Amino acid sequence: MEERDFDIIVVGCGCAGAIAAYVAAKQSKSVLVVERGEFAGAKNMTGGRLYTHSLRAVLEAYADGEVDWDDIPFERKITHERMSLLGTSSAMTVDYTSEAFGREGQESYSVLRATFDQWLFDLAESAGCEMITGIAVESLVKDESGAVIGVKAGDDEITAQVVIIAEGQNSLLTERELGAPRPKTNQMAVGIKEVFALDSDVIGDRFLCQKDEGAAMLFVGDCTHGVVGGGFMYANKESVSLGLVSTISEMEKADTTIYQAMEDFKHHPAVAPIIRGAEMVEHSGHMVAEGGFNMIPRYVYDGALVAGDAAMLCMNLGYMVRGMDLAIASGRFAAETACEAIDNHDVSTKGLSSYQSRLENSFVVKDMKTFKEWPETMERWDSMFSDYPQMVGELFDTMFVVDGTPMKPLGKRMFPIIKRRGLLKLAGEVRRALRAL
Ligand SMILES: Cc1cc2nc3c(=O)[nH]c(=O)nc-3n(C[C@H](O)[C@H](O)[C@H](O)COP(=O)(O)OP(=O)(O)OC[C@H]3O[C@@H](n4cnc5c(N)ncnc54)[C@H](O)[C@@H]3O)c2cc1C
């Protein structure tokens, strides 16, 4: 193999890139990470809650006890799952808590990317990676056969045996340089998020959680003004993350904007009391891949592998959003594959092909495949985002409101409300959704 500046160059220091760099450095490879943000996490956004299983697996395999789990800057352990159907002024919320959420390997934590990504950056750097921040990779360097042999960042061309592209959702490198298709607007959502500072005890009280514990709340219905999408709220240590996600093609057609929906969401009776008196300290926007399994592009090339969101490894199931655990696992697999290929002196597509089997044999692609019908089902299920949350509000109003009018039995009050929407239609839609989920 020809001499190169590094064994591996990693583009992007998010969850996928930092873990790829860490795993490769732990296998004694020379690694350069190029991150366009002034610091890791500066430009990153998530809802967000991290399912920790894949991070735990990486640390168990590579950290040799050097990393103390308690030192990882998680925010709160998520012990409550809440899902709310929002009407214009109503909310029907299911709150579920379980001992299972706390078990090792099953826990999830709320995270803030500025601190969490900085920790990931430090982890990779402590393993011996060289880091460049504040410079974006503009293009890939290729040899005469078209194989990737490095990157162009600023004025520099830097070469490597393998380049791992982990630049997130808007992966211009894979599109411009490797021919990956531009995602369609019905496969992508726009996400916006605001972070509100609040006293730690107040958060515990408002989320009804024990100290250091928190809730993950997902909303559907009026939060997006009935447009396909949803809302989220996570309890952090001393802040609350609140945001919306909505499919771009649907929001384009709507008579509202995501910004207007966010303003109204903050004033919804299910949200306003939780953030009352809190100061907004951060505002961000980002795209989210929602197309699932069917939008995964090619991710193995001569001299290059694509990991995390850049390979569209992200799932939005409505009751669960996952991307970071997939990014961490795919970053690890990309690094393991690259190290093996370098040792075998074959970094061609064939030499790097075990990345595909690693992903396909893991939860990453298996889970995405299981739920591959969901994105289309969700897109076609308009009433889930508008009429049904409103219907649920009407059902509960009729159940609980007492105004002195003689009451009919519950069934007689509820049935007309459901019948108006079409009982068979409702049953069919729910059946289809359950099959896809
Ligand atoms: C609103 C929203 C809510 C979400 N909620 C959740 C959730 O609750 N749980 C969950 O697991 N996932 C969630 N996700 C998805 C999750 O955030 C992503 O799947 C995850 O961040 C992907 O990690 P990544 O490392 O692949 O990409 P990123 O985290 O996007 O990292 C990419 C990195 O590459 C850098 N970069 C980009 N281009 C270049 C370049 N040309 N040169 C150098 N550096 C570059 C960026 O600055 C960034 O640091 C959510 C996403 C959004 C937008």
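Please read these numbers as outputs of a predicted model, since none were measured by experiment. One-based numbering, in listed order, for ligands and for the atoms of each.
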>> Contact between ligand 1 and Val11 is defined here as a heavy atom of the residue under 4.0 Å from a ligand atom; is it met?
In response: yes
> Do the charged groups of Glu175 and Arg182 touch, with an N to O distance under 4.0 Å?
Replying inline: yes
> What part of Tyr51, side chain, backbone, both or neither, has a heavy atom within less than 4.0 angstrom of ligand 1?
Replying inline: neither
> Who's closest to atom 39 (C) of ligand 1 heavy-atom-wise, of Glu167, Met315, His286?
Replying inline: Glu167
>> For residues 223-281, which residue pairs pass the ring pair (Phe, Tyr, Trp, His ring centres under 6.0 Å) check, not counting sequence neighbours?
In response: Phe219-Phe265, Phe232-Tyr234
>> For the 3.5 Å polar cut-off, considering only N or O atoms, please tell me whether Arg113 and ligand 1 meet it.
In response: yes
>> If you count every heavy atom of other residues, nucleotides or ligands that lies below 6.0 Å from Glu263 atom CD, does the total exceed 12?
In response: yes
> When you measure from the centre of the six-membered ring of Trp69, is the NZ or CZ of Arg56 under 6.0 Å away and within 45° of the axis?
Replying inline: yes
> For ligand 1, is there an atom lying under 4.0 Å from some heavy atom of Gln169?
Replying inline: no
> Considering only heavy atoms, which of Ala289, Ala166, Gly243 lies nearest to atom 32 (C) of ligand 1?
Replying inline: Ala166
> Relative to the heavy atoms of Ala16, which atoms of ligand 1 are at a distance of less than 4.0 Å?
Replying inline: 25 (O), 26 (O)
>> Applying a heavy-atom cut-off of 4.0 Å, say which part of Asn44 lies close to ligand 1: side chain, backbone, both or neither.
In response: side chain
> Just heavy atoms, cut-off under 4.0 Å: does Met287 contact ligand 1 by side chain, backbone, both, or neither?
Replying inline: backbone
